[in-house]
Amino acid sequence: MASNEFQSLQGMSDIQAPEIYLWRMMEERARSVFNSYSYEELRTPVLEKLSVFQRSLGDTTDVVKKEMYSFKPSKHELAMRPEGTAGTIRHLAGRGEEGLNARVFYIGPMFRYERPQAGRKRQFHQVGVEATGEPNPLADAEAIALQKSLLDAWGLTGSKIQVSTRGEPSDRKPVADGLRAALQPHLNDLCEDCQRRIDENVLRVIDCKNESCQKIVDQIPSAIEFMSDASRAYLDQVIQALENMGIDVTVNPKLIRGLDYYVHTVWEISHSALGAQDALAGGGRYEIALGKKAIPGVGFAVGFERAIMALEACGITGGKFAPEGGLWLVSLGDAALAENMKLAAQLRAKGIRCGMELANKSMKAQMRKANRSGAAKVIIRGDDEIEKGIVTVKDMAEGSQEELNLEDLIRDA
RNA sequence: GUGAUUGUAGCUCAGUUGGUUAGAGCGUCUGGUUGUGGUCCAGAAAGUCGCGGGUUCGAAUCCCGUCUUUCACCCCA
């Protein structure tokens with residue numbers, strides 16, 4: 001089978017039935033949930049100028065540094081979007097005042113050149129939202145509530161919401177300095193990676209998976225303790241607002257989120273079914289400057305591939321959402337086949353799911369197909385029926401049959 | 001980028017220390033006498049054993065390369 005020519009690219013897969021029905025369910029319900037929170041859909045291009053991502057995600061992040069599909073077809077260096085926020089903000093920034101108070105969502109493919117792994121593809125799919133506006137703990141809480149509504153709508157259970165804060169930009173230095181000072185005495189006990197991280201990105205030491213590093217991290221003060229009173233108060237207000245809405249979250253000061261643009265609230269939703277990459281969704285408050293003015297907002301993204309892994313662990317699979325019901329037309333003889341083509345067109349015009357065999361096959365074969373299609377009823381027509389202007393209708397579940405006038409069938413269908 | 005791992009019919013997999021026409025189950029198709037499915041029975045079609053080299057009288061089985069799968073690190077959704 002699969003010769004190389006028929007293989008899709010590494011980390012990029014074809015999504016087909018029955019899994020596709022799960023995707024469709026998720027997309028449809030996502031749109032419905034977003035509508036209930038009065039968010040509008042925004043579709044931005046997959047390609048943007050490379051600078052759009054460099055400026056919003058940060059030059060130093062791995063995503064920008066080494067995971068982007070970029071190329072230069074003409075004047076500008078372009079890149080395929082590795083996430084949805086940058087393009088969305090690029091769009092909103094162009095809408096002036098209106099863009100500073102917008103609520104939009106997106107659904108679509110994202111691209112990152114990484115080694116594929118559980119729940120990680122090179123072309124992967126996200127649904128996300130962005131709500132722009134000045135920092136407001138209630139907005140952050142609402143975004144988390146919206147995300148929870150989304151997962152609930154999909155029927156996903158067993159996920160965990162963890163919340164933390166990055167503080168304000170002015171907190172960054174005190175936090176980094178404070179953590180470095182606290183870690184310094186333990187330097188030799190940290191893993192190799194972490195010894196490097198202390199200088200490069202000290203926050204990453206906090207969520208190192210190495211057990212011995214974790215022991216040390218547990219001993220030192222959390223990043224939040226080095227932040228200003230205002231930053232801590234902001235987080236408290238978010239937690240309070242979530243409590244008021246009855247949303248259960250865990251405050252985890254060790255939660256680190258990588259992108260540079262985050263300020264204040266950050267959060268992550270994880271699920272035990274996912275393996276090492278257990279985050280199926282993440283979000284946070286950000287401030288993104290593309291031009292002179294920074295755009296403040298809050299948003300989140302959910303990974304479809306990972307959400308699907310979690311859903312399947314909950315026993316929710318695509319097959320459950322496969323289309324079924326409707327009719328199947330069985331034709332005996334060429335005359336009936338021609339007549340059924342006409343009938344099918346009439347039924348389909350009424351929006352009825354309607355299948356039929358277009359080749360001259362045995363009745364047995366046609367019935368088998370009808371059964372497989374999930375049709376509720378089968379319309380059987382041969383020379384007899386054509387002559388009398390009737391159809392034989394068989395109920396597939398009960399096995400019962402009756403004869404109907406053709407006109408009655410078309411009218412009542 | 002680092003370290004492992006996978007690749008045999010549409011799908012899930014067997015294939016013994018390299019040896020004649022590569023197997024099974026599921027699925028598909030066709031039948032089981034006049035126009036009836038989901039069960040049962042019978043039969044059939046379907047693989048240049050991921051791709052390319054090499055070793056050998058002979059390779060799905062050994063070696064090298066390459067693509068791909070899966071997993072962990074890294075990073076992230």
N-O pairing of [X] and [Y] below 4.0 Å:
X: A:Arg43; Y: A:Glu41; result: yes
X: A:Arg103; Y: A:Glu40; result: no
X: A:Glu357; Y: A:Lys369; result: yes
X: A:Arg232; Y: A:Asp236; result: no
X: A:Asp218; Y: A:Lys254; result: yes

Check: [N] base within 3.5 Å donor-acceptor of [X] side chain:
X: A:Gln117; N: B:C74; answer: yes
X: A:Glu385; N: B:G35; answer: yes
X: A:Lys364; N: B:G32; answer: yes
X: A:Asn371; N: B:G37; answer: yes

- Closest-nucleotide 5' rank along RNA chain B - winner of A:Arg372 and A:Lys394: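 Counting from the 5' end, the first nearest nucleotide belongs to A:Arg372.
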- Query: Taking for each residue the nucleotide of RNA chain B bearing the nearest heavy atom, is the 5' side occupied by A:Val302 or by A:Leu332?
  - Reply: A:Leu332
When you compare [N] with [M], how far apart are their [atom1] atoms, in angstrom units rounded to a whole number?
N: B:G19; M: B:C49; atom1: P; result: 16 Å
N: B:G10; M: B:C29; atom1: C1'; result: 13 Å
N: B:U48; M: B:A9; atom1: C1'; result: 13 Å
N: B:C26; M: B:G18; atom1: P; result: 33 Å
N: B:A22; M: B:A14; atom1: C1'; result: 11 Å
N: B:G54; M: B:A24; atom1: C1'; result: 33 Å
N: B:G58; M: B:U39; atom1: C1'; result: 48 Å
N: B:U5; M: B:U66; atom1: P; result: 16 Å

By the 4.0 Å heavy-atom rule, please label [X] as base, sugar-phosphate, or nothing.
X: A:Gly399; value: base
X: A:Gly128; value: nothing
X: A:Arg196; value: nothing
X: A:Gln366; value: nothing
X: A:Ala276; value: sugar-phosphate
X: A:Glu83; value: nothing
X: A:Glu268; value: nothing
X: A:Ile380; value: base
X: A:Gly11; value: sugar-phosphate
X: A:Ala307; value: nothing

Please determine whether a side-chain nitrogen or oxygen atom of [X] lies at a distance below 4.0 Å from atom OP1 or OP2 of [N].
X: A:Arg115; N: B:U69; answer: no
X: A:Lys361; N: B:U30; answer: yes
X: A:Lys209; N: B:C73; answer: yes
X: A:Lys121; N: B:U70; answer: yes
X: A:Gln7; N: B:G50; answer: no

- side-chain contact (heavy atoms from CB on, under 4.5 Å) partner of A:Pro109, chosen from A:Met80, A:Gln123, A:Gln126, A:Met12: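 The residue from A:Met80, A:Gln123, A:Gln126, A:Met12 that satisfies side-chain contact (heavy atoms from CB on, under 4.5 Å) with A:Pro109 turns out to be A:Gln123.
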- Task: Test A:Leu151 against every option in A:Val33, A:Leu311, A:Leu280, A:Thr157 by the side-chain contact (heavy atoms from CB on, under 4.5 Å) rule and name the one that passes.
- Result: A:Leu280
Distance in angstrom units between [X] [atom1] and [N] [atom2], rounded:
X: A:Leu280; N: B:C75; atom1: CG; atom2: P; answer: 20 Å
X: A:Met12; N: B:U68; atom1: CE; atom2: C1'; answer: 14 Å
X: A:Asn201; N: B:C74; atom1: CG; atom2: P; answer: 13 Å
X: A:Ile379; N: B:G35; atom1: CD1; atom2: C1'; answer: 15 Å
X: A:Glu398; N: B:U36; atom1: CD; atom2: C1'; answer: 16 Å
X: A:Asn210; N: B:C75; atom1: CG; atom2: P; answer: 13 Å
X: A:Arg306; N: B:C71; atom1: CZ; atom2: P; answer: 11 Å
X: A:Lys388; N: B:G35; atom1: NZ; atom2: P; answer: 16 Å

- Does B:A77 have A:Phe124 stacked on its base, where the ring centres are within less than 5.5 Å and the planes differ by under 30°? yes
With both distances kept under 3.5 Å, what pairs with [N], Watson-Crick or G-U wobble?
N: B:U55; result: none
N: B:G43; result: B:C29
N: B:A14; result: none

- Nearest listed nucleotide, side chain of A:Met396, among B:C71, B:A77, B:G37: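 When the side chain of A:Met396 is considered, B:G37 is the closest of B:C71, B:A77, B:G37.
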- Item | Of the listed nucleotides B:G37, B:C75, B:G35, the one nearest the side chain of A:Gln277 |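 Minimum distance to the A:Gln277 side chain belongs to B:C75.
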- Query: What's the spacing between A:Lys342 NZ and A:Leu337 CG if we round to 0.5 Å?
  - Reply: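 The NZ atom of A:Lys342 sits 12.0 Å away from the CG atom of A:Leu337.
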- A:Ser38 (side chain) donor-acceptor with A:Asn35 (main chain) under 3.5 angstrom: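 Side chain of A:Ser38 to backbone of A:Asn35, a donor-acceptor pair under 3.5 Å: no, none is there.
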